[in-house]
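Whatever order the structure lists them in is the order used to number ligands and atoms, beginning at 1. Computation of the quantities below employed the complete heavy-atom set of this structure, encompassing side-chain atoms and omitting hydrogens, waters and symmetry-equivalent molecules.
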Amino acid sequence: MSLRLTTPVSGLPGIGDKAATDLASIHVKTVRDLLWYVPFRYDDFSKRVPIAKAPIDTPVTIDARIKSIGLRPSRSSRVKIVDAVIEDETGELKVIWFNQLYLLKTMLVGSKHSFAGLIDHRFGKTFSNPIHEPVGQNVNTGRIVPVYGLTGGITMRKLRDAIKRSLTIVDTLPDWLPSEIVASKELPALSAALSSVHFPESHEALQRGIDRLKFDELFLHQMLFEEVRRDRKTKNATAIPIDEASIKTFVATLPFTLTRAQKVAAWEIVQDLAKDVPMNRLLEGDVGSGKTVVAAIAAHAAMEPPLPLGERDGERGVSVVYLAPTEILATQQHKAFCKMMPSRNIALLTHNQIFYNAEKVKRAELIEKISSGAVDCLIGTHAVLQEGIDVSNASLVIIDEQHRFGVAQRHALLHRNPSPQPSPSQGREYAPHLLSMTATPIPRSLALTIYGDLELSILDELPKGRKPIGTAMVPVEQRVGMWKHVRSEIESGRQAFVICPLIDPSDSLGSKSVTEVEKMLTALSPHRGESGERGVLNGLRVTTLHGKLKSDEKQKRNEDFRDGKIDVLVSTTVVEVGVDVPNATVMVIMSAERFGLAQLHQLRGRVGRSDLQSYCYLLPDDLNPHSNNRLQAVVESQNGFELAERDLELRGAGNVFGNAQSGFPDFQFATSADVPLMKQARDWSQKLLLEKDFFEKHPLVRARIEEALEQIHLE
Ligand code: ADP
Ligand code: MG
């Protein structure tokens, strides 16, 4: 069968129906998909040596004959050991394999193979569990070997063979990058890059291949931004005149005085809002720095009544749209806004929670209120995008925790309006002002590189009176004492979070689940001989919170916690982003080593949100040196910028490709360490877009951008 990019993976050698189903579960369905299934690491077996020169503990490949092979007699039925001796012209070497009895049939005495792995020295020089294949095959040995994430029953060998086969048609893959870029020799062609990423001929070729894949997504990203940027440049926004008196009155009603940084940021924003070009500003501030109130000042300004809507049709619509990444957060911000702006009409729309001010309403009612102009501010989640609600008249769009929304979603939001009304006088279309907010600490220079020419406001100080959060790693023998401290905090009127990685006790990794932990902490009395942690919180009001609860129940528990009706919330990471309960002063993180550094910092940010002294306790289950360093970094620093840098260092060079944890959801491959490539992508996109008719000349680039924008509608 002749192979094509669209051939289903089941058409490849060794991939049967079962394997195809397994691959489909990780979205690999066709030969093309397989080409993009990149290794997560590489083993360098390219060093080929004769037996006499084979070094200890260094990855090598040896071509040799089987001199003898047999099953080691053993009483243990669990571990079967195959013993062999291999030989070449220079000498002999002992080999052992564990639990691979089939080798007795395939490794015939006298047959020649390539063996790859590490030689150890514990019981004399021994090759332990070497990978092997026929001499000259060069797929699993004798080269830099790709290591892929496996799924279901697929073996590494099968996957490598299937990818090797797929690579034979890599040349038929159209290269979407403008030929100038490849011609400049800065980057390899797509086909060469993919070949090198899977089966690199050298470390240099591998690096160039990786760079090319990263460049592709960075370049696409720059193009998308450029698209948004150009588009916005041609549009008008509603100019919102600065009403200083009104702002001052509003700020005076707040229960605290603004920090210097908040004042500066708010001022920068209202000045942008006063212009008739759409604002594009990112408000960046560490957890707890008080971004919400800055957003509220902007929202308040944009809601100043009644806005002359210029030459638009005059019908009053929603003035402000506020998007949050989770239902919990949207609900919380809705409450906060209602409280700060009691004279405004503020609605909440998520998949499950629909409110008009403090009143729960039906979806249809809310839609009706929106279209009749009775909603000033709409707060919600992705649901707002999906439900096709017309917010095209909004003068301000606020995106909280914007890194949780991909670039395509942000784009879609700003282009929601199906037929924006051109203003007859100038023939220009209309676009809202955009305020994005993030707690992800990105240095200014990097932010500008990634996000293009947006404006940046940084909250670089915490509100007065905040004390550093006492953070400690708690070894097993100190846990009882720690829980007693938690108890005493609660008895003096405070509240606590206990965070667990997973919900069900069935988790085979043994991490603490929400239900288990809640049971353990509230047990009536410790059983004899059991750990003293059992029952330490009994008699207190403890409840659980996790993603599997019904939305209303989640909502209720959240509110009860906020209202002080619950003392301890045992929760998964659903509280990670944005949740604000200033009376909570203790954060206990179970199985702490299972969380990423940025995540731990975010979680800790749920306490220390008032002038009360707060504490964060990290309870690891199982520490290795790497996770120990990570937790130690959280103990030593409270500064998000510092921790982000530390995170990069700790990740090390081993991880060539980024992943979901790297905090850049727009990127599958690139990481925040790829600044030079980001710059390169930016330079190229700016240069190329100066060309007249660029998109006409490069239909593949156009198609790629459209495909990326299309994605949002599928999500
Ligand atoms: P984040 O930047 O993490 O989104 P929030 O906006 O949720 O932070 O603010 C954290 C807490 O600090 C909230 O309870 C808020 O009311 C409070 N806060 C905000 N600004 C100030 C201030 N200037 N002084 C005192 N408390 C403040
Ligand atoms: Mg926030």
Which protein N or O atoms sit under 3.5 Å from any N or O of ligand 1? Give atom names and distances.
unit_1   : atom_1 : unit_2 : atom_2 : d
ligand 1 : 2 (O)  : Ser289 : N      : 3.4
ligand 1 : 2 (O)  : Gly290 : N      : 3.0
ligand 1 : 2 (O)  : Lys291 : N      : 3.0
ligand 1 : 2 (O)  : Lys291 : NZ     : 2.8
ligand 1 : 3 (O)  : Gly288 : N      : 2.7
ligand 1 : 3 (O)  : Arg609 : NH2    : 3.4
ligand 1 : 6 (O)  : Lys291 : N      : 3.2
ligand 1 : 6 (O)  : Thr292 : N      : 2.9
ligand 1 : 6 (O)  : Thr292 : OG1    : 2.8
ligand 1 : 7 (O)  : Arg609 : NH2    : 2.7
ligand 1 : 8 (O)  : Gly290 : N      : 3.4
ligand 1 : 8 (O)  : Arg609 : NH2    : 3.2
ligand 1 : 12 (O) : Arg466 : NH2    : 2.8
ligand 1 : 14 (O) : Asp580 : OD1    : 3.2
ligand 1 : 14 (O) : Asp580 : OD2    : 2.7
ligand 1 : 20 (N) : Gln262 : NE2    : 2.9
ligand 1 : 23 (N) : Thr257 : O      : 2.8
ligand 1 : 23 (N) : Gln262 : OE1    : 2.9

*Could you pull out all residues at least two apart from Ser289 that satisfy side chain to side chain donor-acceptor pair (under 3.5 Å)?*
none
_Considering only residues two or more places apart or on different chains, which pairs with a residue in residues 320-346 satisfy ring-ring contact (aromatic ring centres under 6.0 Å, His included)?_
Tyr322-Phe337
*Sequence neighbours excluded - ring-ring contact (aromatic ring centres under 6.0 Å, His included) pairs with any residue from residues 556-586*: Phe497-Phe561
*Before accepting this row, confirm whether a basic side-chain N of the pair Glu244/Lys248 lies closer than 4.0 Å to the acidic partner's carboxylate O.*
yes
_Carboxylate-amine/guanidinium contact Asp460 Arg260, below 4.0 Å_ = yes
*Do we see a donor-acceptor contact under 3.5 Å between the side chains of Thr350 and Glu327?*
yes
